[in-house]
Amino acid sequence: MHAIWCVAQKELKDGLRNRWIIAITLVFALLSIGISWFGAAASGVVGFTSIPNTIISLASLAVFLIPLIALLLSYDAIVGEDEDGTLLLLLTYPLTKAQLLLGKLLGHGLIMGISTALGFGSSAVIIALFASGVDLSALTIAFTRFILSATLLGIIFVAAAYFISALVSEKSKAAGMALIFWFLFVLVFDLALLGLLVATDGQFNPELFPYLLLLNPTDVFRLINLVGFEGSGGGLLVMASEVEFGFITLFGVLLCWLLLPLSAAYWAFSRRKI
């Protein structure tokens with residue numbers, strides 16, 4: 001455990017030195033505060049509207065932004081160390097590949113967690129201080145659930161980036177594959193399901209369809225934060241709202257999604273010639 005924590009500290013210090021934590025936190029804070037207070041400006045309303053509307057808007061933003069940031073943060077975690085010649089040096093220490101991988105995951109997970117908590121948490125603080133008639137208990141629960149699920153979503157894509165990084169031999173290839181991965185899971189998957197619905201006039205096995213959303217971690221994240229509010233969601237989530245997915249179940253699915261790319265990353269890393 002000491003070896004894993006040493007690697008995590010290194011990644012955390014690198015994140016501070018490269019201004020990753022500051023940059024991500026500022027981006028999240030500015031966008032979340034802007035959405036919280038100006039998200040309904042198009043309808044002529046300025047200021048905080050409601051907790052459901054705020055969480056729905058933030059989830060719609062986060063589902064695009066968090067996976068992309070996570071991939072950019074960690075796509076060179078293995079291949080970058082290899083190209084710089086530091087990977088071989090690291091493995092000369094009493095450190096296994098599994099410990100190195102878990103240490104990097106812990107370090108990058110801390111970066112995502114700190115940035116997400118500070119960035120999106122600032123929006124909750126602003127709402128609590130300046131919005132009138134807000135249920136502080138409901139606000140705390142909603143934002144805690146949102147921050148935890150957003151952090152876990154980011155860590156899932158960090159693990160996916162490790163798998164990509166362990167497979168390729170150049171950082172440029174890792175960057176390209178990371179962007180393709182983001183494109184497939186954030187955009188193409190839902191478009192394919194919508195196309196399937198349109199092609200079948202909405203008659204494609206309505207009992208099975210909601211479970212197909214569990215095959216995409218970004219949709220699971222949206223289910224956690226959108227389906228919990230009555231009348232929320234839209235598009236594909238309308239289909240899922242008919243199935244009562246519990247929050248514990250959905251968080252369990254996200255944890256399974258974390259184990260899948262992490263196991264694949266370890267497999268690819270263990271077979272990588274250094």
Side-chain angles (χ1 to χ4, degrees), residues 8 11-12 15 20-21 24-29 31-33 35-36 50-71 73-74 102 104-128 134-162 185-186 213-230 232-233 237 240-241 244-262:
E11 295 298 332
L12 192 59
W20 267 108
I21 292 179
I24 297 173
T25 300
L26 287 176
V27 168
F28 286 165
L31 290 175
S32 63
I33 292 173
I35 285 177
S36 298
S50 67
I51 294 174
N53 287 340
T54 300
I55 294 296
I56 290 169
S57 298
L58 290 177
S60 299
L61 165 73
V63 81
F64 290 96
L65 195 58
I66 287 179
L68 181 60
I69 289 177
L71 290 169
L73 175 66
S74 53
L102 290 175
K104 283 181 171 292
L105 185 72
L106 179 58
H108 285 141
L110 286 173
I111 292 174
M112 291 299 301
I114 292 170
S115 301
T116 303
L118 293 178
F120 290 111
S122 62
S123 178
V125 172
I126 295 296
I127 292 172
V134 177
D135 186 341
L136 294 181
S137 176
L139 180 70
T140 301
I141 292 173
F143 269 87
T144 299
R145 187 170 63 221
F146 175 80
I147 290 171
L148 287 176
S149 58
T151 301
L152 187 53
L153 179 67
I155 296 174
I156 289 170
F157 277 84
V158 166
Y162 291 167
F185 275 87
V186 175
L213 296 177
L214 302 182
L215 300 178
N216 187 342
T218 62
D219 284 327
V220 178
F221 165 75
R222 289 196 295 170
L223 285 172
I224 289 174
N225 291 285
L226 274 63
V227 174
F229 298 114
E230 184 177 353
S232 65
L237 296 178
S241 62
E244 294 185 359
F245 292 118
F247 290 119
I248 295 178
T249 300
L250 292 173
F251 271 105
V253 173
L254 275 187
L255 287 174
C256 291
W257 262 109
L258 174 59
L259 292 176
L260 181 63
L262 186 59

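As the structure is a prediction and not an experimental result, all values here were calculated from the model.
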Taking only distance into account, with no hydrogens and no angle test, what donor-acceptor pairs under 3.5 Å do side-chain atoms of residues 146-154 form with protein atoms, sequence neighbours excluded?
| residue | atom | partner | partner atom | Å |
| --- | --- | --- | --- | --- |
| Ser149 | OG | Arg145 | O | 2.8 |
| Ser149 | OG | Phe146 | O | 3.0 |
| Ser149 | OG | Asn225 | ND2 | 3.0 |
| Thr151 | OG1 | Ile147 | O | 2.8 |

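- Atom CG of Leu250 sits about 11.0 Å away from atom CG of Leu255, to the nearest 0.5 Å.
- How far CG of Leu105 is from CD1 of Ile155: 6.0 Å, rounded to the nearest 0.5 Å.
- Taking the side chain as every heavy atom from C-beta outward, Arg222 and Leu213 never approach each other to under 4.5 Å.
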*Could you please spell out the steps behind the side-chain contact (heavy atoms from CB on, under 4.5 Å) verdict for Val27 and Leu65?*
CA-CA 10 Å; Val27 168; Leu65 195 58; 3.9 Å; yes
*Audit row: Phe157, Leu73, side-chain contact (heavy atoms from CB on, under 4.5 Å) steps and yes/no*: CA-CA 10 Å; Phe157 277 84; Leu73 175 66; over 6 Å; no
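- The closest side-chain heavy-atom distance from Leu110 to Glu11 is not below 4.5 Å.
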*Please lay out, stage by stage, how Ile156 and Leu262 fare under the test side-chain contact (heavy atoms from CB on, under 4.5 Å).*
CA-CA 8 Å; Ile156 289 170; Leu262 186 59; over 6 Å; no
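- Evaluation of the side chain to side chain donor-acceptor pair (under 3.5 Å) test over residues 118-127, restricted to residues two or more places apart or in two chains, returns Ser36-Ser123.
- Residue Thr116 holds its OG1 atom at 5.0 Å from CD1 of Ile66, rounded to the nearest 0.5 Å.
- For Thr54, the side-chain hydrogen bond (donor to acceptor under 3.5 Å, both in side chains) test picks out no residue, with sequence neighbours left out.
- Smallest separation of non-hydrogen atoms from Ser32 and Ala29: OG-O, 3.1 Å.
- With rounding to the nearest 0.5 Å, the separation of CG in Leu136 from CD1 in Ile141 is 11.0 Å.
- For the atom pair CD1 of Ile33 and CD1 of Ile126, the computed distance is 5.0 Å after rounding to the nearest 0.5 Å.
- Pairing each heavy atom of Phe28 with each of Gly119, the nearest pair is CB-CA, 3.8 Å.
- Summarising the geometry of Pro217 relative to Leu254, their closest heavy-atom pair is O-CD2, 3.8 Å, with the distance given to 0.1 Å.
- In terms of heavy atoms, Ser115 sits closest to Ile111 at OG-O, 2.9 Å.
- When all heavy atoms of Ile21 and Ile114 are compared, the closest pair comes out as CG2-CG2, 4.2 Å.
- No donor-acceptor pair closer than 3.5 Å links the side chain of Trp257 to the backbone N or O of Thr218.
- Atom CD1 in Ile35 sits 10.5 Å away from atom CD1 in Ile55 (nearest 0.5 Å).
- When all heavy atoms of Gly107 and Leu12 are compared, the closest pair comes out as O-CD1, 4.4 Å.
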*Any chance you could lay out the side-chain contact (heavy atoms from CB on, under 4.5 Å) test for Leu223 and Val253, step after step, and finish with the verdict?*
CA-CA 11 Å; Leu223 285 172; Val253 173; over 6 Å; no
